[in-house]
Protein chains: 2
Amino acid sequence: MAFQNRDDDGGNETPPTGLTTDTLGKSLGYALRRAQLRTFDDFVRTLEPVNLRPAYYSLLAVIEENPGLNQSEASATLGIQRTNLVAMVDYLEGRGLIERRSAESDRRSYALHLTDSGKAVVGRARELHGAHEARLAQKLGPQGREQLLRLLQKLMD
Amino acid sequence: MAFQNRDDDGGNETPPTGLTTDTLGKSLGYALRRAQLRTFDDFVRTLEPVNLRPAYYSLLAVIEENPGLNQSEASATLGIQRTNLVAMVDYLEGRGLIERRSAESDRRSYALHLTDSGKAVVGRARELHGAHEARLAQKLGPQGREQLLRLLQKLMD
DNA sequence: TATTGTTATACTCTATAACTATA
DNA sequence: TATAGTTATAGAGTATAACAATA
């Protein structure tokens, strides 16, 4: 830590300026945010070969695992607003990765399905995702990853 | 976990739909993102009494700890673009919480300082921030917080 | 030449209100 | 009445290019 602090303290940010950031350096919320942003950034670059943003990949993955679900179910599962999901579905449908099939049981809703092309893309994306997760696991160590998952789960309660 | 899964697996999201989310449920990046968003949301509400967004609070805190720093230093420390910091400084100056003093050594830059009003507000904000951090610590347990900080630090390497 | 602050701009993500067609 | 999908819209947050003043 090339980062001078009057009083010793454990985990701290390492700003490139050499300035003091005691308040933020001691903040768990801030550490969580910075780590998430850096991890997310790596993931965004990871998915570039398939030209998908993380949210779009997550939508494809949910459709793959729950073929025929409707848009309300997809948005609720992903924590996205129904209204904001529309453009995402439009986009993926425009790329020919998914399709809206009119549901026979409820004529208001669409059943979402992957196309063959979509299945191929999500398969390739899943490989890239796996490499990203492996990179994180390597940083954390074997049991560090499980520890982190458990602690993050506690934050969700 | 009121959330059926064919195969047993440890840490998983708990979507309100009952749909399967194996890919996302096993993803550390996704867990990190969801936990950060929830934590951030709590922090946003925490700061409402002082009418400050988290980024503005972090700027006030950095100025408090490094009085006289310039905008480039502030933006680099916080990981914000210089260009995007301008409106933030404008806003806080407009509220009378900080001031731009012309730096004698370098006439291009401003020295940022808290006003007396700014010191009072950041003091109150720090109390609220402390309550937020205490809430997180309670969810994680005594040593859980330190574990999490250490693991997040590993992600930053 | 390089740096500080600045403006303009654009793109993504997110949130709300209101509409339609169905249920 | 309520729900599924949709449109319009607005607010954050973030990113790049270009400029004037100063170093």
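Below, chain A is the first sequence line, B the second, and so on; all start at residue 1. Atom set for the values below is all heavy atoms of this structure, side chains included, hydrogens, waters and symmetry mates excluded.
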Exercise for review: Please determine, for the side chain of A:N70, which listed nucleotide (C:dT7, C:dT4, D:dG5) has the closest atom?
Suggested key: D:dG5
Check your understanding: CG of A:L85 versus C1' of D:dA8: gap in Å, rounded?
Key -> 17 Å
**Study point:** Steps toward side chain to side chain contact (heavy atoms under 4.5 Å, CB included) verdict (A:L149, A:R145)
**Key:** CA-CA 6 Å; A:L149 273 174; A:R145 194 194 118 96; 3.6 Å; yes
Write out a two-atom table: protein N or O, nucleotide N or O from nucleotides 11-16 of chain C, distance below 3.5 Å.
| residue | atom | partner | partner atom | Å |
| --- | --- | --- | --- | --- |
| C:dC13 | OP1 | A:R53 | NE | 3.0 |
| C:dC13 | OP1 | A:R53 | NH2 | 3.3 |
| C:dT14 | OP1 | B:R33 | NH2 | 3.1 |
| C:dA15 | N7 | A:N84 | OD1 | 3.4 |
| C:dA15 | N7 | A:N84 | ND2 | 2.9 |
| C:dA15 | N6 | A:N84 | OD1 | 2.9 |
| C:dT16 | O4 | A:T83 | OG1 | 3.1 |

**Study point:** Euclidean distance, B:L78 CG relative to B:N84 CG, rounded to 0.5 Å
**Key:** 12.0 Å
Check your understanding: Whole Å only: how far is the CG atom of B:D90 from the P atom of C:dA8?
Key -> 12 Å
Review point. B:S72 side chain N/O closer than 4.0 Å to the phosphate oxygens (OP1, OP2) of C:dG5?
Key: yes
Check your understanding: To the nearest Å, how far apart are B:M88 CE and C:dG5 C1'?
Key -> 15 Å
Exercise for review: Report the C-alpha distance between B:L112 and B:R101 in whole Å, list the side-chain angles of each, state the deciding distance to 0.1 Å, and finish with yes or no for side chain to side chain contact (heavy atoms under 4.5 Å, CB included).
Suggested key: CA-CA 6 Å; B:L112 301 179; B:R101 300 186 192 161; over 6 Å; no
Exercise for review: Hey, could you give me the NZ/CG distance between A:K154 and A:L152, rounded to the nearest 0.5 Å?
Suggested key: 11.5 Å
Check your understanding: Will you find, in the side chains of B:E65 and A:T21, an N or O donor that is under 3.5 Å from an N or O acceptor?
Key -> no
Exercise for review: Quickly work out the B:Y91 OH to D:dG13 C1' distance and round it to whole Å.
Suggested key: 16 Å
Check your understanding: Does a donor on one side chain sit under 3.5 Å from an acceptor on the other, for A:S27 and B:E133?
Key -> yes
**Study point:** From CG (A:L32) to CG (B:L136), nearest 0.5 Å
**Key:** 8.0 Å
Exercise for review: Mind telling me whether B:H129 and B:Y57 have parallel, tilted or perpendicular rings, with 30° and 60° as the class edges?
Suggested key: perpendicular
Review point. To the nearest angstrom, how far is A:Y110 atom OH from D:dT3 atom C1'?
Key: 15 Å
Practice item. Tell me, with the steps shown, if A:R100 and A:H113 meet side chain to side chain contact (heavy atoms under 4.5 Å, CB included). Key: CA-CA 7 Å; A:R100 285 187 246 232; A:H113 290 271; over 6 Å; no
Can you name the atoms? Protein N/O to nucleotides 18-23 of chain C N/O, anything below 3.5 Å, with the distance.
| residue | atom | partner | partner atom | Å |
| --- | --- | --- | --- | --- |
| C:dA23 | OP1 | A:R107 | N | 2.9 |

Review point. In whole angstrom, what separates B:E93's CD from C:dT6's C1'?
Key: 14 Å
